[in-house]
2 protein chains.
Amino acid sequence: MVTLKEIAERAGVSVSLVSAVINDSPYVRMSDTTRQRVLGLIEEHGYVPNHSARSLRYARTNVLAVIIPHISDPIFEGLLDGVYAGAEKHGYIVMLGDAVQLVSGSKLLDRIIGHGQVDGTLIRHSSTLSGEVLSQLAKRRAPVVLMDVSDNKDLPWIGLDERSGTALAARHLLSLGHHRIGFLGGERNYPGTLRRLEGVRQELDKVGLPLDEKCIYYGSQEPRAAYATMTRFLASGDLPTGVIINNVTSATGALAAIADAGLRVPEDLSIVAYLDYRAAALVRPAITAVDQPLFELGYQGVELFERLRRGEPCESYTITSPAPGLITRSTTKRIGPSLLD
Amino acid sequence: MVTLKEIAERAGVSVSLVSAVINDSPYVRMSDTTRQRVLGLIEEHGYVPNHSARSLRYARTNVLAVIIPHISDPIFEGLLDGVYAGAEKHGYIVMLGDAVQLVSGSKLLDRIIGHGQVDGTLIRHSSTLSGEVLSQLAKRRAPVVLMDVSDNKDLPWIGLDERSGTALAARHLLSLGHHRIGFLGGERNYPGTLRRLEGVRQELDKVGLPLDEKCIYYGSQEPRAAYATMTRFLASGDLPTGVIINNVTSATGALAAIADAGLRVPEDLSIVAYLDYRAAALVRPAITAVDQPLFELGYQGVELFERLRRGEPCESYTITSPAPGLITRSTTKRIGPSLLD
DNA sequence: CTGAAAGCGCTTACAG
DNA sequence: CTGAAAGCGCTTACAG
């Protein structure tokens, strides 16, 4: 393991000179031949600065902890792409963790709230994250950014326009003549679930249609839960003609439940999912879904974090551009004239 | 940011004493009251040792780089669970990266091969990883473990028994009376693809059936590619009655191609996928798949890495227990008497 | 233009 | 039982 000192000795210069070469220090001037010689030695010996030493010196690790509800859920693919892109831009290493691992007393949490371990944390909120954990994080000096709309005063956040997203889904169903619309939400106590429901309700209100409480179901945050919830929904016998589902992986589970009940999509029931992901186009039936700028969420999340770390002014905000879009695939069907103006 | 020194000052003891308390040093003895006082101060001030300083001192970072072909592919969920479990056990932080990011000159690669940045690397091989990158890694002092069967002499590895896995799939189809069996493989030049093909060929050989070269297709490493490949396969007009597919997410794409061609599974074509994942049970039709011990692969991968790092003797090996299993779901159908003995 | 020295926060022999 | 000191590898004023 070759060190700065060794390079300096071989080059016959001082360590500060070598350090200056590496960091392009403006304070230190040197002859071009010296610079080239040092650079040559660095190349030759494959010298790379020791990261721990640098971190200690700079009081910065360039490690960014990123916590999402479920690493392997393809829903988060776009988000992660954005985060990794932002991290690459600002020179961060990503330490990716699952929210379920982030419990009081876990090593992961210790690491994150420990000093000098990570420069900060980016969190996609989820119902599995306790308020206690969040407040532990907020108390730390290292910045924390929430990748979620939030009313948390202590923590800056960046979020998606969930209301507009599900409103889009609702308008799509209304335009296809559906006047009885259901909603399959995630965790009841997760604020995002409520915002998504609000988007639906608001559009129905606009055209004077009620949102039947009997057509609102919760607990569909992931496919297996969505399967169970949809099964209960179907068994209730009180079915709408179109259902808006929490997210597209959950929709997979709901679709399975519908198929197992002997119903067809979209003939018997139209389905629109909130949140798209790349491979959703390759599932049959292909699910009509609301596309949100998840890449931007991740990318701008890192940007916000970076401003925060630098002490620059930064405010929480909702991403409004690009606006959510609807990707019409094969799970929705016209059953009558449009109910929109 | 409270430091060791501050704790020591407040406690009225030396820093070495505090350090000894933290590390349960056997060399340093102290009175129980002193220990309690120090512990109390640590608790009170929320002191956590600075990670960079420790890393510098120990010449160890406790960071483990983990590279997989595609972070968001649910195929790797079990593998990641195993890796994270092993990492937690041995006190590692996981730095997770996508193989596509790991190209010559990328910051990620610089980080991994840099000194003092990570203690080592766990890699799930993939066709996107160049041999050049691999040999750059192998040259480094920090250990690298391949989570894949390999003939690489420089790098220790741990792998799955791929042949037995696809052999199981082949036997399943044979037992259902299929004598014309096809194979939809991943990248042609990826050795794992060949091993998977070998497993199929070997079982057909045993019962004296040929594996028709016209029924072997490559390039189905992920859903979109599998869709395209399956579409070509179907267009060839020379179809088998059962097809074994590279992995279960690819199978999703292949299934979509089959549906779009107006064929039904399993009525017109039986499908078995290699490699299962949790949510595969929630896709319709539910895909019959070979279950491999992916959790073990990840977990034992970390174990192997740890032995390597400690300089303990360690040999590359294939995981044979638990053995691969077949999960029969709804994509295979009997079309005749069993062809097995 | 270039080098010696201090110090980031920690641990570990070593001396008392 | 306890403390002073060296050193991990680096960067940055500072002195020459």
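Here the structure is a predicted model, which means the values were calculated and not measured. Sequence lines set the chain letters: A, B, ... in the order given, protein chains first and strands last, and positions in each chain run from 1.
The side chain of B/Y58 places no N or O atom within less than 4.0 Å of a non-bridging phosphate oxygen (OP1 or OP2) of C/dG9.
Protein atom CG of B/L56 is 17 Å distant from nucleotide atom P of C/dG7, rounded to whole Å. Atom CG of A/N50 is separated from atom P of D/dC8 by 12 Å (rounded to the nearest Å). The CZ-C1' distance, from B/R37 to D/dC1, rounds to 14 Å in whole Å. Atom NZ of A/K5 is separated from atom P of C/dG3 by 15 Å (rounded to the nearest Å). If you take CD1 of A/I42 and P of D/dG9, they are 16 Å apart, rounded to a whole angstrom. To the nearest angstrom, P of D/dT12 lies 13 Å from CZ of A/R60. Regarding A/L4, its CG atom lies at a distance of 12 Å from the P atom of D/dT12, rounded to whole Å.
Partner assigned to C/dG16 is D/dC1, using Watson-Crick or G-U wobble distances below 3.5 angstrom.
Across every non-hydrogen atom of A/K5 and A/V15, the tightest pair is CA-CG1, 3.6 Å.
Base contact: B/R57 has a heavy atom under 4.0 Å from a base atom.
One distance of note links CZ of B/R309 with CG of B/L64; it measures 10.5 Å at 0.5 Å rounding.
Positionally, the nearest nucleotide of DNA chain D for B/G12 lies more toward the 5' end than for the other of B/G12 and A/R54.
A/E315 is not listed as a side-chain neighbour of A/P156, based on a closest heavy-atom distance of 4.5 Å or more. Side-chain contact check for B/Y92 versus B/V83: every heavy-atom pair is 4.5 Å or farther apart. Between B/S19 and B/L4, some side-chain heavy-atom pair lies under the 4.5 Å cut-off. At a threshold of 4.5 Å between non-hydrogen side-chain atoms, the residues A/L79 and A/M147 count as touching. Within the 4.5 Å cutoff, side-chain heavy atoms of A/Y190 are placed close to those of A/D148.
Taking only side-chain atoms of B/A53, from C-beta outward, the nucleotide of C/dG9, C/dT2, C/dT11 with the closest atom is C/dG9.
Residues from residues 14-24 of chain A with heavy atoms under 4.0 angstrom of DNA chain D, sorted by number: A/S16, A/S19, A/N23.
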